[in-house]
Amino acid sequence: MELPKTYDSKSAESKWYEIWEKGSYFKPKKGKAGKPFSIIMPPPNVTGQLHMGHALDITTQDALIRFKRMKGFETLFLPGMDHAGISTQVVVEKKVKQEEGKSRHDFTREEFLEKIWQWKKEYGGIIIKQQKAMGASPDWDYFMFTMDKEANEAVNKVFVSLYNEGLIYQDDRLVNWDTVLQSAISDAEVEYKEVKGKFYHIFYKVKDSDIKLEIATTRPETLLGDTAIAVNPNDERWNSLIGKKAIVPICNREVPIIGDEYVDMEKGTGCLKVTPGHDFNDFEIGKRHKLETINILNLDGSLNEYGLEWANKSTKETRKGVLKKLEELEQLGDIKDHIHQVGHGDRSKTVIEPILSKQWFLNVHDMAERAVNAVEKDETKFYPKGWENTYFSWLREPKDWCLSRQLWWGHQIPVFTCKSCNKQWASEQHPSSCPDCSHQEIAQDPDVLDTWFSSGLWPFSTLGWPDPERMSERKFDTFYSTSVLVTGFDIIFFWVARMMMMGLKNLDKVPFEKVYIHAIVRDKEGRKMSKSLGNGIDPLDMIEHYGADALRYTLAAGSGYNRNLNLDSERIAGYRNFINKIWNAFRFIQPFLNDADPKLPDQLNHHERWILSELNMVTKQVNESMEEFRFDDSCSQIYGFVYDKFCSWFIEVSKNILHGDDQDLKIQRASVLKFSFKKVLALLHPFAPYITEELWSYLKDPSEDLLIVQDFPEYDSSLDFKQDQDLMNNFIEVITAVRNLRANVNIGPKEPLAIEVFTDHNELKQYLNDETEALKDIGRLKEITVKTKGLDRPKKSVMSVTSFTEVFLPLEGVIDLNDQIGRLEKSLQKTEKEYSKYANKLKNEKFMKNAPDEVVNEVKQNAAELSEKLKAIRENLDIFKS
RNA sequence: GGGCGAUUAGCUCAGCUGGGAGAGCGCUACCCUUACAAGGUAGAUGUCGGCGGUUCGAUCCCGUCAUCGCCCACCA
């Protein structure tokens, strides 16, 4: 059968994914390791399209899962999807607006929710197909959506228990109000961005006096809600005014002048207007001084009746109007440019207005403390460890979590109020009557919970909690705590911290033993990939062009303990070439497979021991680096082995045997090739599942199952052959020397040469004699003579010196002696420089006294080898010069 | 303002507990050599950000400065 010259990723990908999925290969099964390994996939948004961040998520998680599955762990990779409250509702609102010209308020809540579900059915979850294209191997039967009734059950259960414990409470507070979404959002959802603004200086008159207080503000329109003027009680300039009244311009409100240490005498003018209704700090001052809190805004951000003539106008218009009026009143002072940080909603990108409103809060104080302790005690470990700081920094100063959102799409808050007696209580089930007065008219709180509330429960709600039957079906006891959480650092606060708190609170057990924080994917210039910059690389495009394996390998090779992964599509092309290289290595060995024994032969020669030993080293390193999430190391180890050992040398030195007549040798070599190539495929499989499964199907014995469930290679001490590795390095040096000489004297690669090699290294001499056929083949030589160093050096020749050999290429006709001498002198210089490095150390008494023996010995050995090389070069130079 | 991180070949980055620096891509020259031109062979390139210190020895440890990035806090 003739295989095509290039690997066709598309046909392999669709073929194997279906076989794996239909064959239930993704399902957890008890394996030889006898231990569970579980990863809960961070649920992508139902509105999501696969981007490179997801692709990286999938790649690293799936590599771990496939690795552990092959090692015989009972692996669960649990997929899911997030309802993404705000994003989804916004998407559907936009669609309805476009198609029907209506807003959500033109529908009842039930009607609109029905539209969202309909949207979800039609358009949601495209990302699932995209995850499959990446080759993700989760057990799809475990799939869960955060709005499924099972998830809702968990949400209600947790909410009610926290409510009954008094940790969830309702309060009138200043919250971050998103005027576009018309909902409160949590502190974590506010992004601070630098904005160019202005400092407006305003004069406030002091009542019954001629004094005018100059006050600086960036938001002059908020003066309509001022309820005090504050100065620092230690401020000699103003503290005598404390207790007097000031008059707020325009609205002419009389407000007290108060003293508060919060006021910074250096900042601004040293006087502060206090607006408790629209500033977090002012709100605190207001509480301390029992000030009135005035709300001047409507929920859409426009001014309310306190806005006077600007009622129903935007804050922007109001600001203009207020300034103009102040100018007319001659109460406007300097205006200075000012750069400051302003909070924006991370979804809507609009300026966040602090607004007083009644919201549900969760007191996280104790939960946060436990979450901190668990990490301090290593119950959960971060990789890389540095990210613990980010986690701690948030949890050590926790603010109560604003849980309620004024949206429709989400888990409705399970708090009920009796319309008759006003009793308020929380209940997991929708109650039919009031527990106190039995009245049947009951209202449920209209708000829904922050999306992250249900996400916080994800590690256990997906495993069936709280229903005992479901928990046993889903093997809760086996898989909780989960083994690893893989995610990006941007959601350590949002998600990791919340899962930790919720897991510890509800189950007394951490939700995951390890957290691997991977890099953020950026473009090749290190910029964040974004739609507006147009610098995004679409994973699906890349799969289309280069194949899923190439994309996965690129992402894995770029993933270690780094915080940025700058991705260039050229790198993906590079790894596509690597995948193709594997394909062609297979094309080479394939015709000889029939001769191969399924087992490793008892007899092994130099090169066979060498390749097995190299493979063994790589196997060891890959196993180790995978455990530490150093995918970059794993990938470069395998890459180097495949290219530089297996393809460049082992296949090359095998050609003369495979094309030769010695049947026994042929079988032996074919067996080793097959054995080692199968191991390579297994090592590669976690990163490049498709091509490896494809090639495995040609290589496997009939009794063997698919590669996805084969044993992962393990280190085997009986396959360590150090001496063969050393000798092979010398062998490679000789070949390289020949190629070098050929290039130096401009002899084409096809011209067969005769060479003479001189060496005093007895094992190497034997080795070179054993392998003359290989040498001839690779070096394009017609003859090779191996001799003891010393006499008989050929006269008319060019030569090169390696660690243990002198390689001579005798030349007929005239050779350019000067050229040859020049080359040798260059080599001499280089070697001398290197030698002196070591020689100086050996002369250094302090070094000899202080350095550890092993270092001294190594230096001695290097010096000896270089000294011999120097001697050889000098001798040969003398000959050429004479 | 507080914290974290980075600075190594043209680009992207490795470099584990200190023993004289590596990879991939790119570049140059020569090769369509019977697995692979998505390939092969040979090659060039670094004051390891600056300055001090510890040490026999520093890319690695300490101090300091510079530049860049991120997170948190702060709408006077």
Side-chain angles (χ1 to χ4, degrees), chain A residues 3 5-7 192 195 197 199-202 215-219 222 230 262-264 267-275 278-282 338 340-343 351-354 386-387 389-390 392-394 397 489-490 492-493 520 524-526 546 550 554 557-558 560-568 570-571 573-591 628 630 632-633 635-636 639-640 643 647-648 651-652 655 659 735-736 739-740 742-744 746 748-750 780 834 837-838 841 844-852 854-856 858-859:
Chain A
L3 290 170
K5 275 193 175 185
T6 50
Y7 164 63
Y192 285 89
V195 163
F199 248 143
Y200 303 95
H201 288 243
I202 301 171
I215 287 167
T217 178
T218 55
R219 295 190 302 163
T222 61
Y262 168 77
V263 180
D264 187 339
K267 224 166 173 180
T269 61
C271 288
L272 180 67
K273 65 192 266 310
V274 184
T275 322
H278 298 284
D279 182 288
F280 290 98
N281 291 308
D282 291 6
H338 179 57
H340 59 146
Q341 304 285 327
V342 177
V351 174
I352 294 304
E353 298 287 351
W387 288 115
N389 291 328
T390 303
F392 287 146
S393 76
W394 199 64
E397 280 176 65
F489 64 78
D490 47 339
I492 290 178
F493 302 147
I520 296 287
K524 63 175 175 178
E525 276 140 47
Y546 304 117
T554 310
Y561 290 171
N562 46 331
R563 44 178 72 202
N564 294 314
L565 197 172
N566 294 358
L567 190 67
D568 182 347
E570 279 185 35
R571 287 175 66 189
Y575 285 109
R576 185 271 317 265
N577 296 353
F578 171 60
I579 298 292
N580 197 50
K581 184 85 179 171
I582 297 162
W583 176 259
N584 279 295
F586 173 72
R587 282 182 69 222
F588 170 78
I589 64 171
Q590 201 227 0
E628 289 166 354
R630 290 307 302 259
D632 48 351
D633 284 347
C635 287
S636 73
Y639 186 100
Y643 253 101
C647 292
S648 294
I651 284 184
E652 293 307 322
K655 282 180 177 170
H659 293 134
I735 297 282
T736 307
R739 287 169 173 168
N740 234 314
R742 198 191 274 274
N744 283 334
N746 270 325
K750 273 180 281 189
R780 294 257 161 180
E834 217 179 329
K837 214 161 53 184
Y838 295 108
K841 279 200 172 184
N844 184 338
E845 278 176 38
K846 285 181 178 170
F847 172 76
M848 297 302 281
K849 211 174 80 184
N850 293 319
E854 39 187 275
V855 174
V856 173
E858 205 184 312
V859 170

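Reminder, nothing fancy here: chain letters follow the sequence lines and each chain counts from 1. Scope of the values below: all heavy atoms of this structure, side chains included, with no hydrogens, waters or symmetry mates.
Looking at heavy atoms from C-beta onward, A:Phe847 lies in side-chain contact with A:Val855 at the 4.5 angstrom threshold.
Across all strands shown, A:Ile589 has no heavy atoms under 4.0 Å from either base or sugar-phosphate atoms. Looking at heavy-atom distances under 4.0 Å, A:Phe493 makes contact with sugar-phosphate atoms alone, never a base. Among the heavy atoms of the strands lying under 4.0 Å from A:Arg739 are primed sugar atoms or P, OP1, OP2 only; no base atom is included. Residue A:Asp282 is out of contact with every strand shown, counting any heavy-atom pair closer than 4.0 Å.
With sequence neighbours excluded, the residues forming a salt bridge (Lys or Arg N to Asp or Glu O under 4.0 Å) with A:Lys655 are A:Glu652, listed by chain and number. Here A:Lys849 pairs with nothing under the side chain to side chain contact (heavy atoms under 4.5 Å, CB included) rule; sequence neighbours left out.
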Output one line per pair: protein atom, nucleotide atom from nucleotides 55-59 of chain B, and distance, for all N/O pairs under 3.5 Å.
residue: B:rC56; atom: O2'; partner: A:Asn844; partner atom: ND2; Å: 3.0

Can you tabulate the close N/O pairs, meaning under 3.5 Å, that link protein atoms to atoms of nucleotides 4-9 of chain B?
residue: B:rC4; atom: O2'; partner: A:Arg563; partner atom: NH2; Å: 3.4

Extract from the structure each pairing of a protein N or O with an N or O of nucleotides 25-33 of chain B at less than 3.5 Å, listing the distance.
residue: B:rU33; atom: O2'; partner: A:Arg780; partner atom: NH2; Å: 3.1

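Between the C1' atom of B:rG40 and the CG atom of A:Asn580 lies a distance of 15 Å, rounded to the nearest Å.
Not one N or O on the side chain of A:Arg571 forms a donor-acceptor pair closer than 3.5 Å with the backbone of A:Gly558.
Listed candidates were B:rA38, B:rA37, B:rA35. Nearest to the side chain of A:Lys5 is B:rA37.
Rounded to the nearest Å, the gap between the P atom of B:rA9 and that of B:rG46 is 10 Å.
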**Prompt:** Given pairs defined as Watson-Crick or G-U wobble with both distances under 3.5 Å, what dot-bracket annotation applies to RNA chain B, with ( ) intrastrand, [ ] crossing, | other strand and . unpaired?
**Reply:** (((((((..((((.....[..)))).(((((.......))))).....(((((..]....))))))))))))....

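For A:Tyr639 and A:Tyr575, the ring centers are positioned less than 6.0 Å apart.
Side chain A:Lys581 to base B:rC36: a donor-acceptor pair is found below 3.5 Å.
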